[in-house]
Amino acid sequence: MNFTTILFSISEGVALLSLNRPEQLNSFNPTMHREVQAALDLVRNDPQVRVLLLTGEGRGFCAGQDLGERTVAPGGAAPDLGASIETFYNPLVRALRDLPLPVICAVNGVAAGAGANLPLACDLVLAARSASFIQAFCKLGLVPDSGGTWLLPRLVGMARAKALALLGNRLSAEQAEQWGLIYQCVDDAQLRDQALSLARHLATQPTYGLGLIKRSLNASLHNSFDEQLDLERDLQRLAGCSEDYREGVSAFMEKRSPVFKGC
């Protein structure tokens, strides 16, 4: 499949999806949305893919929505931003959260608006030391979307979430790591290599089980304790029937390195 706004490749079990509108700081337009959706469909339906790595080309990760397509002429009708969220952003965030495999995000440069919240829907977020996160919505009279109002309070607490959303101040990658917003801040020159190394490692692991871990942790944010215990029981039953579990036990007993298949 030929793409014009993203770069997409699969190698060694790792699907690499890179936003590729660098002159626009990888801001989203309808074409990019559709191409990202198509790439995620390929990831979802290809049994050879064990990990997804999401990143951006150029000097920024993603500046959110391309505002050039959201201008309102004097006296003109207001755009239906809710329709855009329903059609594009909500399906994208749900797809990242629901993929039954690890999703790594490597944030290079600025991540603003929806671009600041998309990484939060991923499982492991690495950010370059020069990267920053900006909840820019308040500067336009808008509400944080792409899961921002749900994810931020759970990651950094309500006080910090309100400060980020109401003030729209720049949050450095180092501060984001300290606050628990991301997994790790790394030197700029090492970002892509470290992200790929992490992705390749995960691709050799029992990714069916990792997908179940992801599912259980995501569910814990709204489950009661008893509901979570029941879910752990049900998912452990599924994990115990997997080929990877059989291989893991056999390798342990035989004192050899396991060869997992992700199923």
Side-chain angles (χ1 to χ4, degrees), residues 1 3-10 14-22 24-46 49 51-58 60-70 79-127 131 133-137 140 142-152 154-155 165 181-182 195 199 211 214-215 218 221:
M1 182 176 294
F3 296 114
T4 61
T5 65
I6 66 171
L7 301 178
F8 182 74
S9 62
I10 298 173
V14 177
L16 175 59
L17 195 171
S18 190
L19 307 179
N20 190 33
R21 299 182 72 218
Q24 295 78 30
L25 289 178
N26 297 322
S27 57
F28 273 91
N29 63 7
T31 299
M32 179 182 278
H33 274 295
R34 294 187 184 97
E35 292 188 352
V36 170
Q37 288 176 349
L40 292 179
D41 286 340
L42 293 174
V43 169
R44 191 180 296 107
N45 295 312
D46 187 341
V49 175
V51 179
L52 171 65
L53 172 56
L54 174 65
T55 190
E57 297 298 311
F61 170 69
C62 178
Q65 175 64 40
D66 187 340
L67 295 179
E69 301 193 356
R70 291 290 185 268
D80 186 349
L81 301 187
S84 176
I85 290 175
E86 183 68 20
T87 302
F88 294 126
Y89 288 102
N90 285 356
L92 173 54
V93 172
R94 289 187 175 113
L96 293 172
R97 293 277 287 184
D98 294 342
L99 276 178
L101 46 81
V103 178
I104 300 170
C105 184
V107 178
N108 53 302
V110 68
N117 291 331
L118 290 180
L120 309 184
C122 300
D123 303 312
L124 295 170
V125 183
L126 282 66
F133 298 81
I134 308 172
Q135 296 293 324
F137 305 91
L140 300 172
L142 298 177
V143 176
D145 57 33
S146 301
T149 61
W150 193 89
L151 291 162
L152 286 171
R154 287 165 170 79
L155 290 171
L181 193 71
I182 64 172
K214 171 179 176 175
R215 180 175 162 187
N218 287 341
L221 294 171

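Side chains included, hydrogens not; waters and symmetry mates left out as well; all remaining heavy atoms used.
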Validation: residues 117-124 side-chain donor-acceptor distances under 3.5 Å, sequence neighbours left out:
residue : atom : partner : partner atom : Å
N117    : OD1  : Q135    : NE2          : 2.8
N117    : ND2  : Q135    : OE1          : 3.4
N117    : ND2  : D145    : O            : 2.8
D123    : OD2  : V103    : N            : 2.8
D123    : OD2  : K214    : NZ           : 3.1

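- Among all heavy-atom pairs drawn from V107 and A111, the shortest one is CG1-CB, 4.0 Å.
- Listed by chain and residue number, V143, P144 satisfy the side-chain contact (heavy atoms from CB on, under 4.5 Å) test with T149 (two or more places apart in sequence, or in another chain).
- N218 CG to R97 CZ: the interatomic distance, rounded to the nearest 0.5 Å, is 4.0 Å.
- Applying the 6.0 Å contact sphere to CZ of R94 captures no more than 12 heavy atoms from other residues, nucleotides or ligands.
- For the side-chain contact (heavy atoms from CB on, under 4.5 Å) test, residues two or more places apart in sequence or in another chain that qualify with P22 are N20, N26.
- Taking every heavy atom of both residues into account, F61 and C105 meet most closely at CZ-SG, 3.6 Å.
- Remark: A15 pairs with F8, I10, V43, V49, L52 by the side-chain contact (heavy atoms from CB on, under 4.5 Å) rule, at least two apart or across chains.
- Residue L40 holds its CG atom at 11.0 Å from CG of D98, rounded to the nearest 0.5 Å.
- In plain terms, the two heavy atoms of L53 and A195 that are nearest each other are CD1-CB, 3.9 Å.
- Annotation: salt bridge (charged side-chain N to carboxylate O under 4.0 Å, His left out) contacts of D41 (sequence neighbours excluded): R44.
- Across all their heavy atoms, S146 and A114 have their closest contact at OG-CB, 3.4 Å.
- For residues 100-111, the set of pairs meeting the side chain to side chain donor-acceptor pair (under 3.5 Å) definition, not counting sequence neighbours, comprises T55-N108.
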Given side-chain contact (heavy atoms from CB on, under 4.5 Å), test L92 with Q37 step by step and report yes or no. CA-CA 7 Å; L92 173 54; Q37 288 176 349; 5.8 Å; no
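- Residues Y89 and G64 share a closest heavy-atom pair of OH-C, 4.1 Å.
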*Any chance you could lay out the side-chain contact (heavy atoms from CB on, under 4.5 Å) test for F28 and R21, step after step, and finish with the verdict?*
CA-CA 8 Å; F28 273 91; R21 299 182 72 218; over 6 Å; no
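- Partners of E57 by salt bridge (charged side-chain N to carboxylate O under 4.0 Å, His left out), not counting sequence neighbours, listed by chain and number: R192.
- One finds the CZ atom of F88 at 9.0 Å from the CD atom of Q65 (value rounded to the nearest 0.5 Å).
- Annotation: side chain of V36 is not in contact with side chain of T5 (no heavy-atom distance under 4.5 Å).
- Partners of T4 by side-chain contact (heavy atoms from CB on, under 4.5 Å), not counting sequence neighbours, listed by chain and number: T31, E35.
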